[in-house]
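Below: one structure, written as structure tokens.
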Amino acid sequence: MLALFVLYVVVEVAALVAVGSALGVLWTVVLLIGGSLVGSLLVRSQGRRVLDGLQRASRGERSAGGAVADGALFAAGSVAMFVPGLVTTVIGLLLLIPPTRWLLRPAVMWAAARWLPQVATATRRMRPTVIDGEILDDSTRAPNASGSAPILEGQVIEADRFDPAAGDFRKPHR
């Protein structure tokens with residue numbers, strides 16, 4: 001962890017020295033402040049967009065895996081924007097703009113599927129459970145003996161066996 005921090009400091013100092021010697025100190029400071037201002041505007045606007053994508057995914061209008069990947073890339077870009085330095089600001093800006101997230105989304109989904117097998121199931125399209133049936137209106141139902149609740153007629157295709165040791169809360173299975 002210490003080596004990673006030392007690498008970060010060396011890269012940021014080298015970038016500041018290189019840009020400072022090429023553009024001058026004043027323009028380097030202007031570049032840092034301008035990058036931070038643009039980044040804060042992007043965090044606000046793209047945060048709303050990513051949140052909207054997550055809401056659409058929860059309603060089934062968009063791929064859940066893509067929305068989560070966008071959210072992860074947005075979060076990484078937002079964190080990079082608040083870490084001081086020129087290189088992290090550039091990385092943060094790149095992760096906050098939609099075309100870069102669009103290009104990196106498949107790689108994030110691949111990495112998530114490889115390292116987190118549970119996420120792989122969320123990236124596949126979920127199919128709802130369909131129960132075949134027929135709707136009858138009140139005029140076609142035969143009255144039952146007590147005249148209160150309707151009687152459901154049907155055939156049980158498969159039933160779970162009750163295990164008293166497991167209790168009411170059993171692990172679901174298919």
Exercise. Looking only at heavy atoms, what is the nearest atom pair of Ala69 and Val108, with distance?
Worked result: CB-CG1, 3.8 Å
Exercise. Looking at CG of Leu37 and CG of Leu42, how far apart are the two atoms once the value is rounded to the nearest 0.5 Å?
Worked result: 11.5 Å
Exercise. Under a 4.5 Å side-chain heavy-atom rule over Ile, Leu, Val, Met, Phe, Trp and Tyr, are Leu16 and Leu31 clustered together?
Worked result: yes
Problem set entry | Closest heavy-atom pair and its distance - Arg49, Pro98 | NH1-CG, 3.3 Å
Exercise. Which heavy atom in Gly66 sits nearest to a heavy atom in Arg105, and how many Å separate them?
Worked result: CA-CD, 3.5 Å
Problem set entry | Which atom of Ala67 lies closest to which atom of Gly53, heavy atoms considered | CB-O, 3.7 Å
Exercise. Using 4.0 Å as the upper bound for N to carboxylate O, is an ion pair formed by Arg62 and Asp70?
Worked result: yes
Problem set entry | Straight-line distance of Tyr8 OH to Thr88 OG1, nearest 0.5 Å | 5.0 Å
Exercise. Taking all non-hydrogen atoms of both residues, which atom of Phe82 and which atom of Ser78 are closest, and how far apart?
Worked result: CD1-O, 2.9 Å
Problem set entry | Cluster check Leu86, Val25: I/L/V/M/F/W/Y, side chain < 4.5 angstrom | no
Problem set entry | OG-CZ distance between Ser63 and Arg56, expressed to the nearest 0.5 angstrom | 10.5 Å
For this session: Kindly say whether Leu7 contributes a backbone atom to a donor-acceptor pair with the side chain of Glu12 at under 3.5 angstrom?
Result: no
For this session: Report whether Leu23 and Val30 are members of the same hydrophobic cluster (ILVMFWY, side-chain heavy atoms less than 4.5 Å apart, transitive linking).
Result: yes
Problem set entry | Given Val43, Leu95, Leu54, the one that forms side-chain contact (heavy atoms from CB on, under 4.5 Å) with Phe74 | Val43
Exercise. Do Val19 and Trp27 come within less than 4.5 Å of each other through their side chains, counting heavy atoms only?
Worked result: no
Problem set entry | Gap separating the CG atom of Leu41 from the CG atom of Leu96, nearest 0.5 angstrom | 11.0 Å
Problem set entry | Sub-4.5 Å side-chain heavy-atom contact between Gln46 and Arg101 | yes
For this session: Determine, using the 4.5 Å side-chain heavy-atom cutoff (strictly less than), whether Val79 and Phe5 are members of one ILVMFWY cluster.
Result: yes
For this session: Decide yes or no for Ser40 and Met81: does some side-chain heavy atom of the first lie under 4.5 Å from some side-chain heavy atom of the second?
Result: no
Exercise. If you group Ile, Leu, Val, Met, Phe, Trp and Tyr by side-chain heavy-atom gaps below 4.5 Å, do Val17 and Val9 land in one group?
Worked result: yes
Exercise. If you draw a 6.0 Å radius around CZ in Arg59, do more than 12 non-hydrogen atoms from other residues or ligands fall strictly inside?
Worked result: yes
Exercise. Which one of Val87, Thr89, Leu93 satisfies the side-chain contact (heavy atoms from CB on, under 4.5 Å) criterion with Ile91?
Worked result: Val87
